[in-house]
Chemist: 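What follows is a structure written as structure tokens; I'll ask about it next.
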There are 2 protein chains.
Amino acid sequence: MQPQIDKVSDAPLREFVGYHIKRAFNVIQADLNDVLSRFDLRMISYSALVLIVENPGIRQSQLATALAIERPNLVVIIDELEKRELITRDRLLTDRRAYLLQATLAGRRLCDKAATAVGAHEEALFEEIDKDTRSSIVDALNRIEAKSREDRS
Amino acid sequence: MQPQIDKVSDAPLREFVGYHIKRAFNVIQADLNDVLSRFDLRMISYSALVLIVENPGIRQSQLATALAIERPNLVVIIDELEKRELITRDRLLTDRRAYLLQATLAGRRLCDKAATAVGAHEEALFEEIDKDTRSSIVDALNRIEAKSREDRS
DNA sequence: TATTGTTATACTCTATAACTATA
DNA sequence: TATAGTTATAGAGTATAACAATA
């Protein structure tokens, strides 16, 4: 007799918290990109826009570091935001190698609208989870992040 | 005067739990792939091997569904596991379109060794987080996953 | 000599259409 | 006609090397 499976069990993987984090993140990312598509943004271009709004005059290299992506991969993202006139890219007068990034009024407005939509989407996803649980989750996730920084040092 | 940024603030992004989940997941994935590279496995091929060990006789289409990847993308993963003689791929006698996947002894042994290493790696990452907090995190993540399933229905 | 931003390129992951062999 | 697995291919996302301009 050949063995056959009726219902697939992923029990051994469910033992790992990381597995649950991956599955939840897949859901969150799909939802988020769905929300952001209404503004012609993706997760990465939205994050870039938010950081430029929050940090007027940020350099491309600083932005790449903050987004944890390589400098070459940022170029096309910045190109697009600039072409849509959501940001400006000006030479730094005291160091003409660098560009300073700033959001335009249109950029700040789009960022606000997108942030509201993203916030509503988060609230819907997390509505069953009370504030205390959320902050203990965030605290735990921050500890994991910190863990990797201490490994690298 | 041109505005310049000394220290980049990602405060607006940190408001979103999803942002923390993404950052933590990046750390977990990098660490996990590092651990698995010792066994010449990646996250996806390890997950596939675990599910084949746990579900002897699983079909490729069932495995693709469980891994949440498309059938074409599974082929190359299965090819590699078969070439390494970690799994066997046999025709189902009652439906000669389908393949049944089973782990070999070598496959089960590698899976065990890898699972031990992955478990140790998880334990190190989560050591500061007590059992109760872990299970409340897993519970919350499961609710988020369930949320997306109810949206799609 | 080192750094900022850029170009070219490659590798992984993922998604879709179309094919084959079976049902 | 529908399904299981396959092939080919294309699109994201990400990584490295090498370049021009500037420091």
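Each chain gets a letter, A, B and so on, in the order its sequence line appears, and its residues count up from 1.
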Chemist: Decide, yes or no, whether a salt bridge links B:Asp139 with B:Arg143 under the criterion of side-chain N to carboxylate O below 4.0 Å.
Modeler: yes
Chemist: Could you state the atom-to-atom distance from CD1 of A:Ile78 to C1' of C:dG5 in whole Å?
Modeler: 11 Å
Chemist: Within this structure, what is the CG-to-P distance between B:Leu101 and D:dA4, rounded to whole angstrom?
Modeler: 13 Å
Chemist: Is the count of non-hydrogen atoms from other residues, nucleotides or ligands lying under 6.0 Å from A:Asp6 atom CG greater than 12?
Modeler: no
Chemist: For A:Gln2 and D:dA4, give me the distance from atom CD to atom P, rounded to whole Å.
Modeler: 16 Å
Chemist: Taking only side-chain nitrogens and oxygens of B:Ser61, does any of them come within less than 4.0 Å of OP1 or OP2 of D:dT3?
Modeler: no
Chemist: Once you round it to whole Å, what is the distance between C1' of C:dA23 and CG of B:Leu92?
Modeler: 12 Å
Chemist: Nearest whole Å is fine: how far is C:dT16 P from B:Ile69 CD1?
Modeler: 14 Å
Chemist: Of all the choices, D:dT16, D:dT6, D:dG5, which nucleotide is nearest to the side chain of B:Ala98 once you look at every atom?
Modeler: D:dG5
Chemist: For the salt bridge (Lys or Arg N to Asp or Glu O under 4.0 Å) test, which of B:Glu128, B:Glu127, B:Glu123 pairs with B:Arg134?
Modeler: B:Glu123
Chemist: Nearest nucleotide by nearest heavy atom, which residue falls closer to the 5' end of DNA chain C, A:Lys22 or A:Arg89?
Modeler: A:Arg89
Chemist: Figure out the CD/P separation between A:Glu70 and C:dA8, and round it to whole Å.
Modeler: 19 Å
Chemist: Which sits closer to the 5' end of DNA chain D, A:Pro72 or A:Asn33, going by the nucleotide each is nearest to?
Modeler: A:Asn33
Chemist: Taking A:Leu100 as the fixed residue, which of A:Thr88, A:Ile52, A:Leu92 is the one that meets the side-chain contact (heavy atoms from CB on, under 4.5 Å) rule?
Modeler: A:Leu92
Chemist: Ignoring backbone atoms, test whether A:Gln60 places a side-chain nitrogen or oxygen under 4.0 Å from the OP1 or OP2 oxygen of C:dT6.
Modeler: yes
Chemist: Which residue, B:Arg96 or A:Gln62, contacts DNA chain C at a nucleotide closer to its 5' end, judged by nearest heavy atom?
Modeler: A:Gln62
Chemist: Output the rounded distance in Å from CD1 (B:Ile44) to C1' (D:dG13).
Modeler: 16 Å
Chemist: Take B:Asn73 and A:Arg91, find for each the nucleotide of DNA chain D with the closest heavy atom, and name the residue whose nucleotide sits nearer the 5' end.
Modeler: B:Asn73
Chemist: Take atom CG of A:Asp79 and atom P of C:dG5, then tell me their distance rounded to the nearest Å.
Modeler: 13 Å
Chemist: Between D:dA12, C:dA23, C:dT6, which one does the side chain of B:Arg97 approach most closely?
Modeler: C:dA23
Chemist: More than 12 non-hydrogen atoms from neighbouring residues, nucleotides or ligands closer than 6.0 Å to CZ on A:Arg91, yes or no?
Modeler: yes
